[in-house]
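Read the structure below first, then the notes.
In this text the structure is predicted, and so the values were computed from the model without any measurement.
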Amino acid sequence: MTVRRIALVAWHVFKEHVRDRVLYAIAGFALLLVAASILLGQLTAGEDVKIIKDLGLAVIEGAGLLMTIFLGVGLVSREIDRRSIISLLAKPLPRWQFIVGKYLGLVLTIVVNVAAMTVALFLMLKYLDWRALPVERAAWDAAAADPHLLLATLMIAIELALLTAVALFFSAFSSSALLSLAFTIGIYVTGVFSLDLRRFGDTVEAPSIVSHVVAAIGWIVPAFSAFDLKAQVVHGLPVPASYVTLTAGYGVIYAAAAVVAAILVFSRREFT
Amino acid sequence: MRRVPLWIGIAVVAAGIGSAAALLHAREAVPLPDADARVLFVRPGPAARRVFLSFDAIAADVYWIRTIQHYGRDRHSLRTTGRFELLQPLLDLTTTLDPHFNLAYRFGAVFLAMDPPNGPGRPDQAIALLEKGLSVAPNRWQYAHDIAYVNYWYTGNALEAARWFEKAADMPGAPEWLRPLAATTRAAGGDRTGARLLLHEMATSDQAYIRQTAARSLAQLDALDAIDRLTAIVEQYHTRTDAYPHAWSDVVSAGLLAGPPVEPTSGAPFLYDAATHAVTLSPDSKLLPLPHLGR
Amino acid sequence: MFPVRVLGLTKDFPQGFWRPRPHRAVDGLSFDIPEGGVFGLLGPNGAGKSTTLKLLLDLLRPTAGRAEILGRPAGDVGARQRLGFLPENPTFYDHLTAEELLEYFAGLFGYRGEDRRARAGAALDRVGLGADRRRPLRQYSKGMVQRVGLAQAIVNDPALVILDEPMSGLDPIGRRDVREMILALRDEGRTVLFSSHILSDAEQLCSRVGILAKGRLVAEGTVGELTRHAGGTDVTASDVPTAFVDRAAARVRKTSRIADGRYRFELAPGERPEPFIADLAAAGAALVSVAPVGASLEDAFLHALGNDVRVDDTRGDRSAAS
């Protein structure tokens with residue numbers, strides 16, 4: 001029954017997003033950009049496959065980030081704003097199941113979108129591969145439709161799932177969508193620079209207390225930059241399996257902790 | 001449903017984030033090719049400015065931060081090849097994106113000129129970077145001063161240094177001490193007295209990193225003086241006993257030294273080589289390598 | 001078993017940082033609602049009705065005291081299995097149709113497959129939305145949304161139905177439909193608790209009422225109990241001598257002159273009309289009519305609130321109550 005209720009909430013979130021025009025705007029824009037990279041690739045002699053991979057992966061990540069942040073921030077606060085939460089919570093639906101369902105629903109939406117964009121990118125690369133001469137192929141770092149690209153998109157998906165959990169936490173925390181938007185973007189930017197924070201002492205001469213505090217912040221904030229394998233995959237460099245599993249484990253555990261934090265906050269909230 | 005006590009919840013969240021961070025830490029042991037992303041992404045040049053649309057100033061800031069990180073990381077790293085290989089392109093890109101990035105020229109030049117292992121040891125690149133700065137801001141006497149300094153200190157070209165000190169002195173707003181400095185440099189060439197004069201002026205600079213560089217250079221001069229003094233003492237021992245000492249302890253027991261000599265700023269000992277009778281600074285010293293300046 | 005039990009329920013709301021004294025919205029509320037029948041929670045706006053209902057649903061957490069729903073503490077998920085709730089001015093999901101919404105909620109109650117579809121359809125048919133079930137909710141009028149709200153409150157065959165201001169904002173036909181629905185639910189043996197500030201609705205529906213004012217329960221009981229002390233008798237007579245009018249002033253609550261020699265006397269509740277009529281006849285007046293004044297809930301309401309409002313002749317002007 002628990003699983004069924006969570007799945008119901010998640011499916012309902014997915015359905016809502018599928019019917020949301022914002023999602024189509026972002027997805028359409030992303031597809032347009034991926035397509036435009038074909039044109040761009042033709043302008044740069046010889047490096048077209050690399051550029052299309054670079055741009056394709058960047059667009060998948062960028063569009064995913066937009067979706068995650070804008071849909072994630074409204075995940076709970078929209079229910080509160082339009083007061084639909086009041087009739088929903090009067091149902092036999094424990095609050096933690098509501099939060100978990102909401103989370104999984106948005107993750108489903110994002111995974112489906114990332115998968116769709118990945119398929120589009122692969123189709124385009126297949127087309128380039130089919131058109132290319134053997135001489136051109138020999139110059140590539142990696143095959144055009146290289147299955148290793150899936151590794152990069154998988155990492156993007158995990159990164160987005162982690163960001164969803166962060167956005168959900170702030171959405172459960174604050175009644176103002178704008179405020180949770182600001183918090184989420186703030187944490188994301190800090191997280192992108194988390195590696196620099198962890199290595200603060202190496203690059204900046206500062207009292208050791210300061211660099212320890214900064215490094216501690218670097219360990220605590222979600223390390224969004226840790227999931228970036230785009231350059232390695234595009235250049236066909238080997239990525240150790242343990243690197244991938246540890247990174248994925250990091251993302252999954254951190255996301256779970258953030259969802260638990262969201263439940264803690266949400267189960268203590270009152271609705272007037 | 002009864003709610004879970006808050007402290008249990010917070011403990012679960014903290015444990016989760018903690019174990020996630022532990023995984024992240026474990027991952028750092030796994031080597032990843034190009035993990036430091038030693039890639040520029042953008043070639044320096046006019047095209048770079050267009051790529052960033054109207055955000056080139058911000059891009060310059062980002063590349064500046066990457067320059068500092070690259071410098072700091074390589075200075076602490078044990079890598080033997082390709083040290084500081086991106087320093088020049090990063091500085092070039094930064095100053096292309098923001099041609100008035102004063103700090104990038106001056107900081108960049110000092111560190112480009114530094115000898116290994118503290119820098120790439122490329123005074124030529126340092127001078128080229130500063131000349132690029134002068135082409136944008138022809139009246140910035142600081143750039144001319146810095147070119148003179150690099151010539152004086154790293155390439156040992158005192159005449160060229162004097163020429164640049166004079167150029168700097170002719171620029172509007174240049175301080176008065178530049179002209180006597182130019183004259184001394186021209187007259188004395190690369191000697192330590194002239195160098196001291198220059199460094200004492202630099203030690204009053206408003207830029208902290210220039211003050212630090214000056215202080216370090218002064219300590220190097222003191223070390224050179226100390227080596228000269230110690231060599232003289234070794235010679236004195238020779239004339240007195242008709243034999244060279246085997247170690248500092250011989251010199252100490254002869255009453256010529258109070259104890260084994262130590263370089264005061266770094267605490268590193270001066271070494272005596274019984275075979276060549278040469279006095280050197282311990283390779284542990286942070287002052288190495290010492291400049292080649294005559295007395 | 002009492003479907004709703006409330007014991008010393010108190011709720012404070014903070015009023016902001018610089019006003020440390022919290023606002024007490026509900027203050028030591030205690031009452032039980034017996035099984036079956038319709039209970040009306042009445043009171044002026046801001047009396048604490050909605051806050052009380054939200055405390056019952058665990059949407060708000062009490063500062064002190066406790067509430068039980070169907071024998072379990074408020075907030076117990078199991079109790080909600082047999083609970084239906086209609087919020088005040090409900091809103092749902094614009095992107096869903098009424099059918100999808102009802103099936104979603106029916107699923108949360110644990111119904112599956114054909115059963116789930118059938119229950120959703122039956123609930124919509126019952127509120128008269130069977131024909132519009134496949135239209136998205138964003139196209140619905142306010143009255144239709146209210147009906148959807150009622151449908152989702154009964155989709156789980158609840159033992160207890162809680163309705164927060166179910167008639168607010170509806171047109172007369174809508175109000176009549178909601179009234180009929182409440183009575184039908186009662187006839188099916190369900191307990192209905194609703195809040196309202198409209199007394200005529202409550203008077204027609206409730207077996208019991210509780211009257212809230214400033215967060216406190218000022219009166220509670222059957223409608224009959226509450227109206228016992230209200231009312232009185234109107235006596236109208238013609239050819240009344242002026243001297244009698246002056247003499248009678250001490251015995252009646254109010255005297256109104258209708259025309260020359262024609263008066264209406266209002267006797268206070270508990271004052272028997274017969275001696276007064278005998279005196280009237282003895283004074284030579286002609287009796288026109290004797291009418292008991294309807295024992296209205298409104299009088300009881302105003303009495304309970306302590307608002308000693310003079311009710312005018314026309315009995316229509318109740319500005320003091322609104």
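A:L264 and B:V13 get closest at one heavy-atom pair: CD1-CG2, 4.2 Å. Across all their heavy atoms, A:Y250 and B:L23 have their closest contact at N-CD1, 3.5 Å. Summarising the geometry of A:I220 relative to B:I17, their closest heavy-atom pair is O-CG2, 3.9 Å, with the distance given to 0.1 Å. Across all their heavy atoms, A:A226 and B:L24 have their closest contact at CB-CD1, 3.9 Å.
Proximity to chain B is absent for every atom of A:A256, based on heavy atoms less than 4.5 angstrom apart.
Exactly one residue among A:V244, A:L246, A:T245 makes a side chain to side chain contact (heavy atoms under 4.5 Å, CB included) with B:R27. That residue is A:L246.
Within 6.0 Å of CD1 on B:I8 lie more than 12 heavy atoms contributed by other residues, nucleotides or ligands. At most 12 heavy atoms of other shown residues, nucleotides or ligands fall within 6.0 angstrom of atom CZ in A:F183.
Every pair tested for side-chain hydrogen bond (donor to acceptor under 3.5 Å, both in side chains) that includes a residue from residues 5-24 of chain B fails, sequence neighbours excluded, so the list is empty.
Per-residue heavy-atom pair counts under 4.5 Å with chain A were compared for B:V12, B:L6, B:I10, and the maximum is reached by B:L6.
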